Amino acid sequence: MDPDAEPAAAPAPATRFDIYKVGKHPFDIVPGRGGRDWMDATFNGYARRCLPMVVANATGWEILSPCAFEADWDGRQGKLGVSFRALDDYPHLDQVVDGAFGHGVLTFRFGLLFRTDPGWAVWLRGAPNFCPDGIHPLDGLVETDWLPFTATMNWRFTRPGRVTFVKGDAIGFVTLIPHLALDPVQPTFRTLDEDPDFAERFTAWKTDRQAVQAAFLNYKPGDQVTYPMHYVRGRMHDGSHAPETHVTKRRLKAPR
C-alpha cells in the first residue's frame, strides 16, 4: 500500500447480498445458530450466558454439510494423503469434497457464488465457537463486490487421523465486512486516567466479573448460583440503559 495515498472512503451500508447457486450440488445456507452443544453441556449452561459468544455465533450464515461423512489424513503432504467417505446414502461427496490442495487440507466446493455492494466483502470462515477435534477451519476474505467466481472452504487437519462431520454441520460461515473501512483506522494506546468516567464504569464491571468467577469457583452441589446480568440486560450499574445498538439476540434473514 502506498503510504501517501488517500485513505479509501468508507463504504455505504450494505443492502446487497446475492447468492447464486452455480454448482451441480449446491449446499444449503441458513442464518447462524446462537447455540452450541458444548455450551449447553457446561455447568448450569454457564457458557450460554456469554453474550458475546452467543451473538457471534449468529452473526452470519452457515453453509451446511449435505451429508454425514468421515475424512482421514495419513500425514502425507500430497493430495493422496486425504481420503473421505460418506456415512449415509449421499452419492455426490467426491464432487463437493477433495484433498487436492495437499498438506492435510480438506476442501469443500459448496457451489455458491456471492455478490455484495461496493466496498463489502465476504469473510468465509468456520462457524464461531464450533470446534471439531483434529481439524481447524481456514479463513478467507473474498472480494465479492467484483469477483465473478466461487470460493472454496478449506479445513486443515491438525494432526494425522480421522474426523467426522454429520449432516447439517456448519462446514462454512459467511459474514459480511466493510473491509476497506479498516485501512484508515489508527489504533491508539491510552490510559484510563484520561477518562475518569470510563475508568469508574470499568471498575464496576470488573467487580461484577470477579463476583461471577468467585461464585463459579466456590460452587458446591445443590447451591443456587446467581450471576449479575447487567450486560445481558443492557444496563449500566447505575441503572442507566446501554445504547439502542446493544444486541442480545441476533436472527438474520434466511435466503429467499
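Keep in mind that what you see is a predicted model, and the values were worked out from it rather than measured. Heavy atoms only: backbone and side chains are in, while hydrogens, waters and symmetry mates are out.
In this structure, CG on Leu192 lies 11.5 Å from CG on Asp197, to the nearest 0.5 angstrom. Atom-to-atom distance recorded for Leu80:CG and Asp74:CG is 8.5 Å, nearest 0.5 angstrom. Atoms CG and SG, on Leu87 and Cys67 in that order, are 7.5 Å from each other to the nearest 0.5 Å. The OH atom of Tyr20 sits 12.0 Å away from the CZ atom of Phe114 when rounded to the nearest 0.5 Å. Rounding to the nearest 0.5 Å places CZ of Arg16 at 8.0 Å from OG1 of Thr116. Atom NE2 of residue His92 and atom NZ of residue Lys24 lie 10.0 Å apart, to the nearest 0.5 angstrom.
Residues Pro187 and Val185 share a closest heavy-atom pair of CD-O, 3.4 Å. Shown here for Gly75 and Pro160, the closest heavy-atom pair between the two residues is CA-CG, 3.8 Å. In this structure, Thr188 and Gln186 approach most closely via the heavy-atom pair OG1-O, 3.2 Å. When all heavy atoms of Met153 and Ile171 are compared, the closest pair comes out as CG-O, 3.0 Å. The heavy-atom pair separating Leu182 from Ile177 by the smallest distance is CD1-CD1, 4.1 Å. Residues Pro184 and Ala181 share a closest heavy-atom pair of CD-O, 3.4 Å.
Connection of Leu252 to Val122 is established within a shared hydrophobic cluster, with ILVMFWY side chains joined at heavy-atom distances below 4.5 Å, either directly or through further cluster members. Trp73 and Phe84 end up in the same hydrophobic cluster when Ile, Leu, Val, Met, Phe, Trp and Tyr side chains are linked at under 4.5 Å. Phe173 is not connected to Leu64 by any chain of hydrophobic side-chain contacts under 4.5 Å among Ile, Leu, Val, Met, Phe, Trp and Tyr, and they are in different clusters. Val163 and Phe108 fall within a single hydrophobic cluster, where Ile, Leu, Val, Met, Phe, Trp and Tyr side chains are chained together by heavy-atom contacts under 4.5 Å. Put simply, Val142 and Phe149 are part of the same group of oily side chains (I, L, V, M, F, W, Y) that touch within less than 4.5 Å, one to the next.
The environment of Gln95 atom CD is dense: over 12 non-hydrogen atoms of other residues, nucleotides or ligands sit within 6.0 angstrom. Counting non-hydrogen atoms of other residues, nucleotides and ligands closer than 6.0 Å to CG of Asp37 gives a total of 12 or fewer. The number of heavy atoms from other shown groups lying within 6.0 Å of CZ (Phe101) does not exceed 12.
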What do the steps show when you test Phe110 against Val96 for side chain to side chain contact (heavy atoms under 4.5 Å, CB included), and what is the final call? CA-CA 6 Å; Phe110 47 79; Val96 297; over 6 Å; no

Glu62 and Val30: CA distance, side-chain angles, deciding distance, side chain to side chain contact (heavy atoms under 4.5 Å, CB included) verdict: CA-CA 5 Å; Glu62 298 177 10; Val30 300; 4.2 Å; yes

Apply side chain to side chain contact (heavy atoms under 4.5 Å, CB included) to residues Leu113 and Ile19 and explain how you reach the verdict. CA-CA 6 Å; Leu113 172 63; Ile19 305 171; over 6 Å; no

Taking it one step at a time, do Ile135 and Trp155 satisfy side chain to side chain contact (heavy atoms under 4.5 Å, CB included)? CA-CA 6 Å; Ile135 196 166; Trp155 292 67; 3.6 Å; yes

Assess the residue pair Phe17 and Trp61 against the criterion (ring-ring contact (aromatic ring centres under 6.0 Å, His included)); give the C-alpha distance rounded to whole Å, side-chain angles, the decisive distance to 0.1 Å, and a yes or no. CA-CA 11 Å; Phe17 180 32; Trp61 292 264; 5.1 Å; yes

Derivation and outcome, salt bridge (charged side-chain N to carboxylate O under 4.0 Å, His left out), residues Asp133 and Arg162: CA-CA 9 Å; Asp133 181 46; Arg162 175 175 297 172; over 6 Å; no

Start with the C-alpha gap between Arg115 and Thr144, add the side-chain angles, then the distance that decides, and say whether side chain to side chain donor-acceptor pair (under 3.5 Å) holds. CA-CA 5 Å; Arg115 195 172 186 191; Thr144 45; over 6 Å; no

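Not a single donor-acceptor pair under 3.5 Å links the side chain of Arg201 to the backbone N or O of Trp205. Proximity of a side-chain donor or acceptor of Trp38 to a complementary backbone N or O of Ala41 within less than 3.5 Å is not detected. One N or O on the side chain of Asp195 and one on the backbone of Phe198 form a donor-acceptor pair closer than 3.5 Å. The backbone N or O of Pro118 lies less than 3.5 Å from no partner atom in the side chain of Asp145, so there is not a single donor-acceptor pair. Here the side chain of Glu194 pairs a donor or acceptor atom with the backbone of Thr191 at under 3.5 angstrom. Not a single donor-acceptor pair under 3.5 Å links the side chain of Thr158 to the backbone N or O of Arg156. Looking at Asp117, its side chain does come within 3.5 Å of a backbone N or O of Thr15 through a donor-acceptor pair.
Side-chain contact between Asp72 and Val82: absent, with no pair of heavy atoms (C-beta onward) separated by less than 4.5 Å. Contact of the His246 side chain with the Thr248 side chain is registered, since non-hydrogen atoms from C-beta on lie closer than 4.5 Å. Looking at heavy atoms from C-beta onward, Thr107 lies out of side-chain contact with Val97 at the 4.5 angstrom threshold.
Asp28 has no carboxylate O lying under 4.0 Å from a charged side-chain N of Lys21, or vice versa, which leaves the two without a salt bridge.
With 3.5 Å as the limit, one finds no donor-acceptor pair spanning the side chains of Ser65 and Asp169.
Under the side chain to side chain contact (heavy atoms under 4.5 Å, CB included) test applied with Leu124, the options Asn154, Leu141, Leu138, Ile63 reduce to a single match, Ile63. Here the options are Asp98, Thr152, Thr150, the test is side chain to side chain donor-acceptor pair (under 3.5 Å), and the partner is Arg109; only Asp98 passes. Of the candidates Arg33, Arg49, Arg48, Asp40 forms a salt bridge (Lys or Arg N to Asp or Glu O under 4.0 Å) with just one, namely Arg48.
Side-chain rings of Phe69 and Phe165 approach one another, their centers coming within less than 6.0 Å.
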